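A note on names: the letters A, B, ... follow the listed sequences, proteins ahead of strands, and every chain is numbered from 1. Remember, it's a predicted structure, so these values are computed and weren't measured experimentally.
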Amino acid sequence: MSFAISLASIFSAFIISGIIFVFSNVDPILAYYNLFKSFTNTALLSEAVVRSIPIMLVALGLALAYKANFISVGGEGQIYVGGIVITFLVLWNAENRLLPGQLFMPFAIIIVFLFSSVWGIIPAFLKAKFETNEVLTTLMMNYIAQIISNYLVIGPWKDPKGYGFPHSPAFPEYARFPLIPGTTINLSIFIGILASIVIYIILARTKFGFEVKVVGDSYSAAKYAGISYTKVVCLVMAISAGLSGLAGMSLLSGVIGRLRPDFSPGYGYTGIIVAWLCNLNPFIIVVGSIFFGGLLVGGEVLQSSMGLSVGITDVFQALLLITTLSGEFFKRYRLVWRR
Amino acid sequence: MNENVLEMVDIVKIFPGVVANDRVNFSLKAGEIHALLGENGAGKTTLMNILYGIYKMDSGVIKVDGRAVSIRSPRDAIKLGIGMVHQNFKLVPAHTVVENIILGSENNGFILDLKKSSEKIKNLASSFGLKVDPFSEVWKLSMGERQRVEILKLLYRNVRIMIFDEPTAVLTPQEKKELFSSLKEMSSKGKSIIFITHKLDEVLEISDRVTVLRRGKNVATKITKETNKFELANLMIGRPIIFEYSKNPPKLSGLALKVENVRVLDEEGNLRLKDVSFSLSGGEIVGVAGIAGNGQRELAEAITGLRHVSSGKVFVRGKDLTNASPRRFFENGVLFIPEERLGVGTAPNLSVAENLVLKSYDNSPFSNSVFLKFDAIQKFAEMLVKDFEILCPSVKVPVKFLSGGNLQKVVLARELGNLVSRDVNVIVAMYPTRGLDVGATEYVRRLLLKMRDQGNAIIFFSEDLEEILSISDRIFVMFDGRIVGEMDSSKADVEKIGLMMAGSIAS
Ligand SMILES: Nc1ncnc2c1ncn2[C@@H]1O[C@H](COP(=O)(O)OP(=O)(O)O)[C@@H](O)[C@H]1O
Ligand SMILES: [Mg+2]
């Protein structure tokens, strides 16, 4: 049932976007044909998977937080934190040469995860201790992280050999995720797949997952049962933010190759849509992220092939968010038709 | 007078795993008060939700004035003159009484005439004895007043068949008296009333006829004057019921709980418990009487670790547990049956099995250091479901689908089914039988007595003086954050307890 509703949400978003196409004097059928062509073309499909990696990592983490009824919208900021940390590590190792190349990435993955976790624990702790609203705190922290990241690229971390362009020096080869041969897909996809399995196991099989479900279902019941709310939300947000931090790292080490201003095109927010659209199910999130990656790529194809505005995929995403949230309503209530 | 205004014939309603109504027949005469009696989960609410168009029946026929009708929504029901006052009121708190009453009514023109409507409401209110200020906002009203608003809503829509789903559950004794006189007034003016309850005394007091449901089937329809409490109880539960509890004299073992000068502040910093001291031995059961809001909740929470004690001490079997965590209290054998069964005592969307291990999931055999062991959990849950006679389609259904009595049994089974300390446990129970039907109430009381006979120390809070008198060994009376009276139940004097509860005297 809820799967059908998710499909209906997507379908409605297509219909409404179609209407918008018509008003922009674009043939919607042709537009969608071009959009979905990206799923049949191997090069474009490979590109869709590339885009899906950060979305997937963010959405998986958010799904866990949402299961604990912690409504984080902090994925975007955590992506920037991850980006800052990996860039710091690259610059640090370039100077000190303490880590041999082969050890750098495993070490970096752990450090990025840990620092992003700390960033994520802040709003969790504030909520647990002072009942601050997590939607507001996580949202505000997004701006903080993005501004710090942008400050660093135009300030202290600006590439001295960059002809004044605002970006960091390029990452050395050992700080890049290798590509799967014959594709543009980098190996961080396996972090995403591993994360989906781990999140699934946590929720379905572990004591901690049980605590998450109790806390998410009823704060009072959790307190009565002796489950520490503070522990659960802090851990949940540590994992959630850690994964989003890795999303930032995967963008820089996997795709961009250096720190740039505003390097995430809103993947942290796309992750929110994907998490809900996929019913917080870790496996469906993997598929849903690839679908979304495809939409992003397809949107760009539309821009170039049909001269549509850059905003069109944003409009579509926004519509999808609206239809998904309306879908949540229909999951709870049944509609009765009357004469 | 003898014409049936309503007939429900062979009504069947099946929910996944339960037949909530199994070929139920029900008829209603003009101007009669017809009680629908049954234990929790018997299917009373379901039957009435079908009549009111909220649920769709799987088969059956509904006739109004002898004509078969199809009722697909509350709107259809209202058009046929059928209205319902639900167990949980459906009012908009920020709106005034008038606004709530006319909201959604089809009698309004396009432009609201609040003045004219309020006149009509005032007339209805005075002719049926339903005192309420039409311009007050609903959130300011007591439960009894809100109920009157719901009734006025129906009268305003010219409803002639009125359904009341357990209307007395939320009322004070005084409000209940007023409701009953309004009901009589309405029936004398030709309204037909369906009165749902699980309380035998209410059936005998108010109804003309009574239909008894048991596990989805109707077992009998009786003329109230021609039946009695014992027959009705027998019909409702399916076996005779005893209203007295035979008790063995207490066999006291050592001191189980000692509370010394405990003070508790609420969120605003007001003193809620003022130097409460008492002790409790293994093998005794103490009932705490008092009007709700006189510190009972604070006391219960202070001795279970859920509330911070600002001064004083709590000892469990000699061990100082003042301000220890709820988990530590539980591990030391302090078991708590809270007031809210759904949302505190249980997590609503988690399954019966998950709720049964809510406090023990992280011990063996239910888990190792990381993973849950589902086989062990399921086996344990199935055992408790059997031992405690919990009625549920499977241990995997979310507990929110269970009836009140079965929900309480889930809480009891978890707390008492697998005693943490094989030694002496301290059992703290808040209003353990509130809202339960006769059968479940009897079950809970017997269980508490059995626990006492096994040597556990029990303290329970109740609003029902009869219950306190019938099962406790000692009685405390709470007023204004203090224990103002303490007596042996054999020497208890009801009148004196009543005065202590009101704060008029202290012992
Ligand atoms: N919406 C529902 N979904 C599933 N089961 C339900 C639902 N409503 C009631 N039931 C089940 O139907 C049975 C009858 O419930 P109900 O009519 O509420 O009983 P009563 O009002 O007599 O206490 C119970 O076993 C209850 O668990
Ligand atoms: Mg009911």
Side-chain angles (χ1 to χ4, degrees), chain A residues 1-2 63-64 66-70 128-132 197-236 238-239 279-282 328 331-339, chain B residues 53-56 72-76 267 300-301 304-307 324-331 334 336-351 353-364 366-374 377 398-400 411 414-415 430:
Chain A
M1 185 59 198
S2 52
L64 184 66
Y66 297 159
K67 282 277 182 192
N69 199 20
F70 190 93
K129 289 296 166 208
F130 308 112
E131 294 174 33
T132 54
I197 296 168
V198 170
I199 299 281
Y200 172 81
I201 291 176
I202 287 179
L203 284 172
R205 302 261 142 208
T206 67
K207 293 198 290 194
F208 172 60
F210 182 77
E211 291 165 359
V212 169
K213 283 192 285 181
V214 177
V215 163
D217 196 34
S218 166
Y219 172 83
S220 307
K223 182 175 169 200
Y224 161 76
I227 296 171
S228 160
Y229 181 81
T230 312
K231 179 194 114 180
V232 170
V233 291
C234 286
L235 249 175
V236 155
I239 297 173
N279 245 320
L280 311 184
N281 177 319
E328 287 297 311
K331 281 173 199 171
R332 248 162 273 184
Y333 302 96
R334 198 162 47 93
L335 207 61
V336 180
W337 295 108
R338 303 191 45 83
R339 295 134 282 172
Chain B
I54 293 175
Y55 291 158
K56 194 171 151 287
R72 307 207 308 169
S73 71
R75 195 185 282 238
D76 290 349
E267 287 77 10
E301 292 183 349
T304 50
L306 286 160
R307 194 175 283 255
S325 68
R327 180 64 62 96
R328 280 249 294 151
F329 271 93
F330 182 70
E331 284 162 359
V334 178
F336 184 33
I337 290 128
E339 188 175 351
E340 297 91 356
R341 289 159 204 153
L342 202 62
V344 178
T346 57
N349 291 301
L350 267 57
S351 70
E354 287 172 316
N355 272 292
L356 284 171
V357 296
L358 199 59
K359 287 184 174 177
S360 48
Y361 66 93
D362 64 352
N363 303 328
S364 80
F366 305 130
S367 58
N368 56 28
S369 55
V370 177
F371 293 103
L372 293 172
K373 293 185 178 159
F374 290 98
I377 292 174
V399 288
K400 69 178 176 192
V411 177
R414 182 186 59 225
E415 300 297 307
M430 292 282 280

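A/V214 pairs in a side-chain contact (heavy atoms from CB on, under 4.5 Å) with only one of the listed residues (B/T346, B/N349, B/L358), which is B/L358.
Counting only residues at least two apart or on different chains, no side chain to side chain donor-acceptor pair (under 3.5 Å) pair has a member in residues 198-207 of chain A.
Of the inter-residue distances, the one linking B/S325 atom OG with A/K223 atom NZ reads 12.0 Å to the nearest 0.5 angstrom.
Heavy-atom distances place no part of B/N355 under 4.5 Å from chain A, backbone and side chain included. For A/A222, no part lies under 4.5 angstrom from a heavy atom of chain B. There is no contact between B/F329 and chain A, counting heavy-atom distances below 4.5 Å. If you measure heavy-atom distances from B/E340 to chain A, you find no contacts under 4.5 Å at all.
Inter-residue side-chain proximity for B/V411 and A/Y224 is flagged as met; some heavy-atom pair is nearer than 4.5 Å. Using a 4.5 Å heavy-atom threshold, the side chains of B/P348 and A/D217 count as touching. Counting heavy atoms from C-beta outward, A/I227 and B/Y361 have side chains that approach closer than 4.5 Å. Here the side chains of B/L350 and A/F210 are in contact, with some heavy-atom distance below 4.5 Å.
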| request: Tell me, with the steps shown, if A/I201 and B/F371 meet side-chain contact (heavy atoms from CB on, under 4.5 Å). | output: CA-CA 9 Å; A/I201 291 176; B/F371 293 103; 3.6 Å; yes
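For A/S220 (side chain) and B/V344 (main-chain N/O), no donor-acceptor pair under 3.5 Å exists by modelled atom type.
Among B/S367, B/S369, B/G343, the residue with the largest count of heavy-atom pairs under 4.5 Å with chain A is B/G343.
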